[in-house]
Every structure is written in C-alpha cells, then in structure tokens.
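Structure, as structure tokens:
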Protein chains: 2
Amino acid sequence: MTMRPRRTLGLLLSDAVDRAHGARLDQVAAARGVALQRFPLSRAAAALAQIDVAFFSRELYEGSSLRTPGPLSDAFFRVADAAPRLRWLHVCSTGLDLPQYASALARGVRVTASAGVTAISIAQSAVAAILAQARGFDHWLAAQARREWAPLTGADKPRELHDLRVAVIGAGAIGCEIGRLLKALGMQVVAVRRSSEPTPPFDDTFALSQLDDVLPDCDWLVLALPLTPATRGLIDARRLALLRPGARIVNVARGELVDEAALCDALVQGRIRGAYLDTFVQEPLPQASPLWDLPQVWISPHNSAASQGHEERVVDSFVRNLERCLDA
Amino acid sequence: MTMRPRRTLGLLLSDAVDRAHGARLDQVAAARGVALQRFPLSRAAAALAQIDVAFFSRELYEGSSLRTPGPLSDAFFRVADAAPRLRWLHVCSTGLDLPQYASALARGVRVTASAGVTAISIAQSAVAAILAQARGFDHWLAAQARREWAPLTGADKPRELHDLRVAVIGAGAIGCEIGRLLKALGMQVVAVRRSSEPTPPFDDTFALSQLDDVLPDCDWLVLALPLTPATRGLIDARRLALLRPGARIVNVARGELVDEAALCDALVQGRIRGAYLDTFVQEPLPQASPLWDLPQVWISPHNSAASQGHEERVVDSFVRNLERCLDA
C-alpha cells in the first residue's frame, strides 16, 4: 500500500453542516490522504485565502426565492465570492440559473449542482395534484369553502384514470419519476423530449419538434424540462389552444416556460380546466396575480421539493462529488 | 343440443338502462332459454304482477343521500315494493344499509349488492388525499386562500413518504386497492382486519383485537371497513388519543364508525393533524358542522366513488348476477 502525498483542502460550509456532518467529511478526505480544513461560515471571514471549496447547502437557501437571494445566502456568498483561491462551488439546487452563483461562474469557478436530490419529492407533488384534481378534489374543496354539499353527478363525474392521457415534457429524473408513478396509478403517459427514442417508463416518446402533434391528445400537460433560451415561452397562447378542451397543466419546472397571461386567460375561460403551478415568472407570485383566486388553480410557492430528507440528500450529493474530486 | 323449457322473467329497470342495455340483457336471458320482459320504470306501474326482478341502477340513486332517498329512488321503490311477485332486487350500492332497501329485505326479497364496483375509484380518492396532504397541499392551499406565499421550511417540511406508516382498517376490495397504491408510492402500509392472517399487498396484518397496539405507530389511519353493530363508534376519543401525535385520518366507509365530536376536538386541538372525510354521521353534513371550516379537513360529499365508469360497472355487476341466477 502506497501513501499518497498529504494535501490540505479548505472547505467553506454552513455551521449546521459543519456540526452535523463535519466528522463524516473529515473521514472522506482522510481516507484519500487529504486533511480537510473546515471553515464554518460564522468563522470563515478570517480565512478567505485558505478556502478551496465552498458548499452552499440547502438550509442556507431558506429565506431565498428563485430570483432573490435571502440573508443567509447573501452572508455565504459574501465570503465565497471574496475567497481568492476558490476553485469549486457545490450548490444545493438542481439548476445553476440562480443569481447568487453568477459571480462564481463569471470568474471561472467550477459550479456543480445537486442533481436529482429533489426529483422524487417534486414528482410526488406533481402526481399528488394530478391525482387529486383528476378525482374531483378541486371541485370538492371549492364547494367545501362555500359550505356546500355538492356531489359530482352525471357528466361532471370524473373520468376513469385509465382513460386519461398525460404528456410529460422533459424526461430527466423528475419527468421519469412522474411517469413511473402515473403508470402505477394506471394512467396513459407519454414523454416529449429532445429525441423520440423510446424512454421507459413512458408508453410512447416524442421529440420536442412533435409537440404540436402531441398536445391535441393531452388531458394533462406536465412541464418538467429545463429553462433555456430555446424553451422560454414554449407554452404560449397558440400551444395552449392546441390542448384538448378541458385539459389541465402542471408546471414544476420554471415559470418562464409558460406565457402566464395566456394561461390565465385560458383558465378563466375554462378552455384549460385546472392547473398545479409551483413556479411563476415572478416569485414570490405578486399579490395582484389573478392566479391566486382561481379555485381550479393549485399553487405551491416554489416548494414542491420540500421534504425532511432534502438537506441530507444535498449533503450526500456533495459528498459523492467530493469523493470523485479527491479520487481524480 | 337440447332446448331448455322456455320461461319468462319480468324485469323492472330504469328507462335509461332499458334504452342503453336492453338488447344486451335480452341476449343474456335468451342464451339461457329465458324470455326477458323489460318494464322500464315509466311504464311499470301497470305491470306490477309481472315483475320478478328489480334492478336499482346507479343513476336512480342520484339526488339521494345515504339516509335520505331522492325522488328517482322513491319512484322506483314505489313500484318495486308494490310488486307482489318480486323475488330478487339488485342494487347499485356496496352496502345494503340504505333505507330504501328495508321494505324488500323485510318481506324476504333477496337483495344483492354491486360489490367492488366502486372500490377502485374510492381507493384512488383516498390515496389522492393521503398523497396530497402528505406532500403539503393542505398547507399550500390554505395559504393560497389567504394569497400568502408561504413555503414549508425547517421542521414544517413534509416527512419522506417512505417514512410514513399507514394502517388501513378493512382489507376488502377498497382497503386492498388503497394498500396496493400506497405501496407503489413507497409508503409503509399495514392492514387491520378480522384475522391477522398475512394479507397481500400489506407489509403486515393485525387482527381488529390488536387495534389499540397498532394505533400508536400510525401516521395515517384509513377506515375502509363495514359498519356493523360491532364497529359502530370504533374510533372514539380514547382511540383517537392513542394515535401518534400529528397523525391524520381518512374515512371512506361510514360516518358512524367515528365519534365525530371527538374527532372534531382532536382536529381543533391539533392532536390529529388532518383528515379526509367522505362520510359523516349525518348526510348531507349539516351547515352548522365545524368540520366545514377546518382547512386541514378535506371533505368530499359521500362522492369518493364518483367516476364516469361507475354506472357501467353497476350494470356489469347486475349482468353477472343475472347470468349466475339463470344458470343456477
């Protein structure tokens, strides 16, 4: 057995992660011949020059909204962005489009995301809304708010789940888990993604270029794709009009994928029968938005990923990356 | 091939079923050497003495509530109860405890239920509510009603589905389908039923006599058992207090299984964190009930079975019974 040369690595991290996971991180490094120097945020300002790696963990994000960093995030990035030797930043989010990463990206720091850590929770939220609205809870809860005993009867009764067809745009970790769960519930599920290559667990797969042909057969359209210049405004008034009358929409991706004003019109007019929206063009959703008051729209405040296990999974993601980095 | 002796059978049925399924019913009978005489409700009063069989189909129930027959039901049973030769009544419900069946039962008419026709839809409604509340939609929708952007953070974040333990009391068609779906979602699910014999798809099975030992480990308690003298008031204040603090309850069986006042107290005090209730001691739920206003309580108006395929499945159930009856 050969000993590798002993190195040191300076890590900026939150005080909470330092307390809960410091020993584990030390071991991961020590097992690879590296001495980890941990700098918890509250004591890191004096050690700027010793920071090589920064870990923006999940609890540091709380109080932030997508486009507006909160005070904990500000405190963290005041240090990280001032650390002259910083060469790697691992972040808790899945996307790298948050404003607090801009400075690190701009100066060439390698930024890695916590891929997949929220996929299962987000998928569960999406499927919860689809199943609940498909069974009639949008109607029942709106009636309950009026203290009205109003059973769904006749033609208003919900359609059978196995007769409903869902198109999921995006077949990443979130989209595939949504597909898997909806299949388990007996629904018909197709994917729309870059290529039309068959993609389990979906019944069928279409390329994004075929989207306009898919929409007229959809009872549900689920957005689970990244926001890029090519996908911004993908679901506009024209495409909303292509959906089957009475279709519903789920957006657990990014608000800017949808023309929000056009969606609102379609909802008010009843052409789109309902929606579950986790994301919005402007977050927090402005007080004046008409979306708040539509009973057929269910809103979660960019919170579909919320779960007790989230912070742990972000730490696990960082540890996996740290191992890979030290093994390289 | 021998010809059976030709018989006739007089059938009281709704005008709608007569129109949509008359030919199919004729064929079922003819294939067994029986000439079916169909008497649609609107023309049946003149043929009372010729009615052998009555089919109380689903659409005749609309406008009824559990304990209060509606006008279509009244019209049907005015005829059925006056038919002197009536020997078999097939009904659309799963239970035989509806007041409109009392007279037929009392005079010795054989009454058969449409077993299982609502199980899948009811199970889907129960699972929809469990999944949606487990993900945080009770909180999110209550915040939305106040136009409040209020993400779940810290200790308020939902627990992982795979950490949640659900006890389903009753392992009939509804209970088993609830178990199957919750397992597919990754939850822990145990059954409580007459015997403790292992029952797929449940992780574990307990006898009803063990209920008090099961309750302290439950995050969700689901009632899917029949109402009998032995189960009336099963979930009383004492048993509610045995549940894990913050547990939730689903009742898709009968309101009388639960001490409704005690449940209400436990919900208001927060010991029971939420509920999905489809059934109530008094239906329609009285305007004065405090349950209407609790945002952590989701109410469907004895409508959890609602689905487009329900009427068809009731007809199928009648046809299967008719075949069996004519084959006997």
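Reminder, nothing fancy here: chain letters follow the sequence lines and each chain counts from 1.
Contact count against chain B (heavy-atom pairs under 4.5 Å) is highest for A:Leu131 among A:Leu185, A:Val297, A:Leu131, A:Leu181. Most heavy-atom pairs under 4.5 Å with chain A: of the set B:His302, B:Glu311, B:Glu148, this distinction falls to B:Glu148. Of the listed residues A:Ala132, A:Pro151, A:Ala155, A:Gly63, the one with more heavy-atom pairs under 4.5 angstrom with chain B than any other is A:Pro151. Contacts with chain A were tallied for B:Gln308, B:Arg147, B:Lys157; B:Arg147 has the most, counting heavy-atom pairs under 4.5 Å. Interface check for chain B: of the options A:Glu59, A:Arg180, A:Arg159, A:Glu62, the most heavy-atom pairs under 4.5 Å are formed by A:Glu62. For the options B:Pro284, B:Ala128, B:Ala129, heavy-atom pairs under 4.5 Å to chain A are most numerous at B:Pro284. Among A:Ala143, A:Ser121, A:Ser289, A:Ala184, the residue with the largest count of heavy-atom pairs under 4.5 Å with chain B is A:Ser121. Note: B:Thr153 leads B:Asp163, B:Thr153, B:Val127, B:Ile130 in heavy-atom pairs under 4.5 Å with chain A.
With contacts defined as side-chain heavy-atom distances shorter than 4.5 Å, the pair B:Leu182/B:Trp220 does not qualify. Two residues are said to be in side-chain contact when any heavy atoms from C-beta on lie closer than 4.5 Å; B:Ser14 and B:Phe55 fail this criterion.
Atom-to-atom distance recorded for A:Leu267:CG and A:Cys264:SG is 6.5 Å, nearest 0.5 angstrom. Atoms CG and CD1, from B:Leu263 and B:Ile249 in turn, are 5.0 Å apart once rounded to the nearest 0.5 Å. Distance CD1/A:Ile122 to CD1/A:Ile174: 4.0 Å, rounded to 0.5 Å. For the atom pair SG (B:Cys92) and CG (B:Leu98), the distance works out to 8.0 Å, reported to the nearest 0.5 Å. Atom CG of A:Leu223 is separated from atom OH of A:Tyr276 by 12.5 Å, given to the nearest 0.5 angstrom. Summarising the geometry, atom CD1 belonging to B:Ile178 is positioned 11.5 Å from atom CE belonging to B:Met187; distances are rounded to the nearest 0.5 Å.
For residues 64-71 of chain A, an interface with chain B (any heavy-atom pair closer than 4.5 Å) does not exist. When the heavy atoms of residues 134-142 of chain A are compared with those of chain B, the residues falling under 4.5 Å are A:Arg135, A:Phe137, A:Trp140, A:Leu141, listed by number.
Taking every heavy atom of both residues into account, A:Leu72 and A:Leu60 meet most closely at CB-O, 3.4 Å.
For the side-chain hydrogen bond (donor to acceptor under 3.5 Å, both in side chains) with B:Ser304, the qualifying choice from B:Asp278, B:Asn251, B:Thr279, B:Thr118 is B:Asp278, the only one to do so. Screening B:Arg165, B:Gln188, B:Arg244 for a side-chain hydrogen bond (donor to acceptor under 3.5 Å, both in side chains) with B:Asp219, the sole residue that qualifies is B:Arg244. Results of the side-chain contact (heavy atoms from CB on, under 4.5 Å) test with A:Glu160 over B:His310, B:Glu312, B:Arg313, B:Gln124 single out B:Arg313 as the only residue that passes.
In this structure, the portion of A:Asp156 lying under 4.5 Å from any heavy atom of chain B is its backbone and not its side chain. Only the backbone of A:Ala288 comes within less than 4.5 Å of a heavy atom in chain B; its side chain stays farther off. Contacts of A:Leu291 with chain B are made by backbone atoms alone, with heavy-atom separations under 4.5 Å and no side-chain atom involved. Looking at A:Ala305, the atoms closer than 4.5 Å to chain B (heavy atoms on both sides) all sit in the backbone: N, CA, C or O. In this structure, chain B has no heavy atom under 4.5 Å from any part of A:Ala145.
For A:Ile120, the CD1 atom is loosely surrounded, since the number of other residues' heavy atoms within 6.0 Å does not exceed 12.
In terms of the ring-ring contact (aromatic ring centres under 6.0 Å, His included) criterion, residue partners of B:Trp149 (sequence neighbours excluded) are, by chain and number, A:Phe280. In this structure, the side chain to side chain contact (heavy atoms under 4.5 Å, CB included) partners of B:Ala173, at least two apart in sequence or on a different chain, are B:Ala119.
With 3.5 Å as the limit, one finds no donor-acceptor pair spanning the side chains of B:Arg58 and B:Ser114.
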